[in-house]
Amino acid sequence: MVSARCKMLVKSELDKLDVGYKNIDLGEIQLTNELSLVHREALNAAFKESGLEILETKKSILIESIKNVIIKMIHYSEELPSENYSSIISKKLNHNYTYLANVFSESENLTIEHFIISHKIEKVKELLLYNELNITEISYKMHYSSVAHLSNQFKKVTGKTPTYFKNKTHRRKYLENVN
Amino acid sequence: MNEPITLMLIDDDEDDIKLFVESAKEVDADIKCITAKDGLNGLEYLKNELNPLPDYIFLDLRMPKISGHKCIEEIKKIKRLSNIPVFVYTTSTDKDDIKSLEEKGAVMFISKPTDPGEIYYLLSSIVGEKWG
């Protein structure tokens, strides 16, 4: 559950089944009462149709939490934080970063850094399409060390240069499909 | 925009050095790489005040002559070097190593990726962030 669209979908399914909840956030639902087996199965079936699932193990919850911290940091913050990403992820999840990085790469077959870059590029695509900032301003806003750093990363991930992307309007990915 | 970045890798594995330098150049061709083949060689470079200082140091742990542990202790003792972020870059995932090196001032403990392609993503993420 990584976007506002997913949150709305989850809310709608909970309402349909009349399951009470206190709060719905990215990747996390606080229910009023424990979920009955019937409701759990019904929700799982409904979520599965939309590519969502209820996570059961501590490790899968931790990985989802790492992804949500990164997504909030990149897509739902006005500015990227001045603190480096490893400190932020480590503080938010109260675990040593090396432990989190190892758990993530073992399970996802890619590093946290790879996941971060994929999302940063998705954000860069959005900024390019808004057409309010030039590439130099975008590279500064998104904490790149130079325009070349941004351009090379963009090409590595998308196979296209930022200029080519901007001139040929491309469809952006849903956040849950970015990896 | 900022000055070109300089990375320093202290590592006795020639293949790892080659992959690191190639990945750094892929991040940005203007990035400068300084490499040292062991801890002694790395410290000699860093202690010579005539040499330009790197912006980031990547340090292997298991090396001949001077280990990564000793190397970081020495780097942190010298005032002009002490603020350079040191990343431990190793195949070790030993929890005691991680704890001890973080206490000695390492900003991040990086497990050398099994997939060489991931080195690009590591370096490309690190460059541009504020460390230390």
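FYI, side chains are in, hydrogens and waters are out, and symmetry mates aren't considered; it's all heavy atoms of this structure.
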If two hydrophobic side chains count as joined below 4.5 Å and joins carry through other members, does [X] share a cluster with [Y]?
| X | Y | answer |
| --- | --- | --- |
| Ile34(B) | Leu9(B) | no |
| Tyr89(B) | Ile66(B) | no |
| Phe109(B) | Leu123(B) | no |
| Val86(B) | Val127(B) | no |
| Val88(B) | Tyr99(A) | no |

Count the heavy-atom pairs under 4.5 Å between each of [options] and chain B, then report the option with the highest count.
| options | answer |
| --- | --- |
| Asn102(A), Asn109(A), Ile117(A), Ile112(A) | Ile117(A) |
| His143(A), Gln153(A), His149(A), Glu83(A) | His149(A) |
| Thr111(A), Ile116(A), Val157(A) | Thr111(A) |

Could you check whether atom [atom1] of [X] has more than 12 heavy atoms from other residues, nucleotides or ligands sitting under 6.0 Å from it?
| X | atom1 | result |
| --- | --- | --- |
| Lys155(A) | NZ | no |
| Lys141(A) | NZ | yes |
| Lys92(A) | NZ | no |
| Glu14(B) | CD | no |

### Structural part of Ala148(A) lying under 4.5 Å from a heavy atom of chain B
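For Ala148(A), backbone and side chain are both near chain B.
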### Query
Which region of Ile98(B), side chain (C-beta onward) or backbone (N, CA, C, O), has a non-hydrogen atom less than 4.5 Å from a non-hydrogen atom of chain A, or is it both or neither?
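Answer is side chain: those atoms of Ile98(B) sit under 4.5 Å from chain A.
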#### Entry: Contact class of Ser124(B) relative to chain A, heavy atoms under 4.5 angstrom
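Contact with chain A is through both the backbone and side chain of Ser124(B).
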### Query
Would you call the rings of Trp131(B) and Tyr85(A) parallel, tilted or perpendicular if under 30° counts as parallel and over 60° as perpendicular?
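Perpendicular: the ring planes of Trp131(B) and Tyr85(A) meet at over 60°.
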### Message
If you apply the rule side-chain contact (heavy atoms from CB on, under 4.5 Å), what do you find for Asn84(A) with Met108(B), and how did you get there?
### Response
CA-CA 11 Å; Asn84(A) 67 69; Met108(B) 196 165 150; 6.0 Å; no
### Message
If you define the side chain from C-beta out and look only at heavy atoms, does anything of Lys95(B) sit under 4.5 Å from Asn96(A)?
### Response
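Contact flag for Lys95(B)/Asn96(A) side chains = no.
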#### Entry: Listed partners of Asn131(A) passing side chain to side chain contact (heavy atoms under 4.5 Å, CB included), at least two apart
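Scan of Asn131(A) (side chain to side chain contact (heavy atoms under 4.5 Å, CB included), adjacent residues dropped) gives Lys166(A).
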### Query
Mind checking what makes salt bridge (charged side-chain N to carboxylate O under 4.0 Å, His left out) contact with Glu49(A), not counting sequence neighbours?
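If we apply the salt bridge (charged side-chain N to carboxylate O under 4.0 Å, His left out) test to Glu49(A), skipping adjacent residues, there are no hits.
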### Query
OG/Ser86(A) to CD1/Ile126(B) distance, rounded to the nearest 0.5 angstrom?
8.5 Å
### Task
Output the distance between atom NE2 (His114(A)) and atom CG (Asp115(B)), rounded to the nearest 0.5 Å.
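So the gap between those two atoms works out to 9.0 Å.
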### Query
Where along residues 38-61 of chain B does a heavy atom come under 4.5 Å of chain A, listed by residue number?
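Near chain A, by residue number: none.
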#### Entry: Contacts with chain A made by residues 15-29 of chain B (heavy-atom distance under 4.5 Å), listed by residue number
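Against chain A, the residues of residues 15-29 of chain B that fall inside the cut-off (heavy atoms, under 4.5 Å) are Glu26(B), Val27(B), Asp28(B), Ala29(B).
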